[in-house]
There are 2 protein chains.
Amino acid sequence: MMQQIEKRSHREVPNEEINMKTCPKQYVLAVGDALNAFTGKWKLFIIGALIPGKQRFSELEKNIPKINPRMLSKELRDLEANGIVKRKVNDSLPVSVEYELTPSGYAMRLMFDSMIDWGMQHRAWSMPGKITRQ
Amino acid sequence: MMQQIEKRSHREVPNEEINMKTCPKQYVLAVGDALNAFTGKWKLFIIGALIPGKQRFSELEKNIPKINPRMLSKELRDLEANGIVKRKVNDSLPVSVEYELTPSGYAMRLMFDSMIDWGMQHRAWSMPGKITRQ
DNA sequence: CTGTATCCCGAGGGATACTG
DNA sequence: CAGTATCCCTCGGGATACAG
């Protein structure tokens, strides 16, 4: 079964280490970089819709309530340019286009999981009962 | 050395489990909740500036290049309302005010670390050399 | 089916001046 | 020192219509 050296989190110390103690600015900027990959009103929903597997444009349109084709198209282009999503055109008639997460895209789940962990801890700690989202 | 059952990632299944398989919508929304806590142009920088320890208003102003008092004030109020930052007024003369991260605020580092991990992996995988931030 | 083109609007955020 | 008050403007994003 395919030996994999995945390791899940750097421990062998990567080439350039970024941490709060020695380079706080780089640290914040690095977080901001990751953030840029999925901010915007729809990117997170698109990624979420693609986690279960590839989808066509019209399927995404159906599965993401209230998004309009302009936004869907734009955000998909952004995500593709950023290497989160890959686009595959099937030369059938009529044409169909499939969108799928790249390995980087799928890898976002670990990050999302840790965000959810924080969110739940945060509620438990500081706002037992109250929710701050509009 | 203080036995700690920290575990870094939920495994004992918390009361309400949120995961992509069984409730994809809740999952995405939960990520969005965490996201809301530190979006906006300055929140991340403010949190970053406070990780090393408490700071006064004017110190933050100095340490965060190009922020203006209106924005600093507004973002600090948001962060306080969200339980990320706590504000403490010293009744000296002239008054001084100190801002400090709450436990939830400090706990964001785990989340940030996983975002940085993803960012570095992402670069290694899909954009050897190119950087997509304006 | 898979998008693009136009037009339009409101919120987020900058600059500057002012206050307790 | 620690903020508010005003004014202004950009830009993300909505609605609608059209195109290959």
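Proteins get letters first, then strands, A, B, ... in listed order; numbering begins at 1 in each. A quick note: this is a predicted structure, and the numbers were derived from the prediction, not measured.
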Length of the CG-C1' vector between A/Asp78 and C/dG3, whole Å: 15 Å

Below 4.0 Å: OP1/OP2 of D/dC1 and any side-chain N or O of B/Ser96: no

Nucleotide C/dC1, atom P - distance to CZ of A/Arg87 in whole Å: 16 Å

A/Asn19: side-chain contact (heavy atoms from CB on, under 4.5 Å) partners, not counting sequence neighbours: A/Glu17, A/Lys21, A/Thr22

Short side-chain N/O contact from B/Ser73 to OP1 or OP2 of D/dA2, under 4.0 Å: no

Mutual orientation of the aromatic rings belonging to A/Tyr99 and A/Phe57 [parallel < 30°, tilted 30-60°, perpendicular > 60°]: tilted

Spacing between B/Arg77 atom CZ and D/dA2 atom P, to the nearest angstrom: 15 Å

Integer-rounded Å distance: C/dC1 P and A/Glu98 CD: 14 Å

With sequence neighbours excluded, residues passing side-chain contact (heavy atoms from CB on, under 4.5 Å) with A/Lys25: none

N/O donor-acceptor pair under 3.5 Å between B/Trp118 side chain and A/Ser104 backbone: yes

Backbone N/O of B/Ala107 and side chain of A/His122: donor-acceptor pair under 3.5 Å: no

B/Glu61 CD - D/dC1 P separation (whole Å): 9 Å

For A/Thr102, side-chain hydrogen bond (donor to acceptor under 3.5 Å, both in side chains) partners two or more places apart: none

Sequence neighbours excluded - side-chain hydrogen bond (donor to acceptor under 3.5 Å, both in side chains) pairs with any residue from residues 44-72 of chain A: none

Nearest-0.5 Å distance, CG of residue B/Leu79 to CZ of residue B/Arg77: 11.0 Å

Report each atom pair, protein N/O against N/O of nucleotides 13-19 of chain D, whose distance is under 3.5 angstrom.
from   : atom 1 : to      : atom 2 : distance (Å)
D/dG13 : OP1    : A/Lys41 : N      : 2.9
D/dG13 : N7     : A/Arg70 : NH2    : 3.0
D/dG14 : OP1    : A/Lys41 : NZ     : 2.7
D/dG14 : OP2    : A/Trp42 : NE1    : 3.2
D/dG14 : N7     : A/Arg70 : NH2    : 3.1
D/dG14 : O6     : A/Arg70 : NE     : 3.4
D/dG14 : O6     : A/Arg70 : NH2    : 3.0
D/dA15 : N6     : A/Arg70 : NE     : 3.2

Euclidean distance, atom CD of residue A/Glu59 to atom P of C/dC1 [Å, nearest integer]: 10 Å

Helical bend (five base pairs per end, nearest 10°) for the helix from C/dC1-D/dG20 to C/dG20-D/dC1: 50°

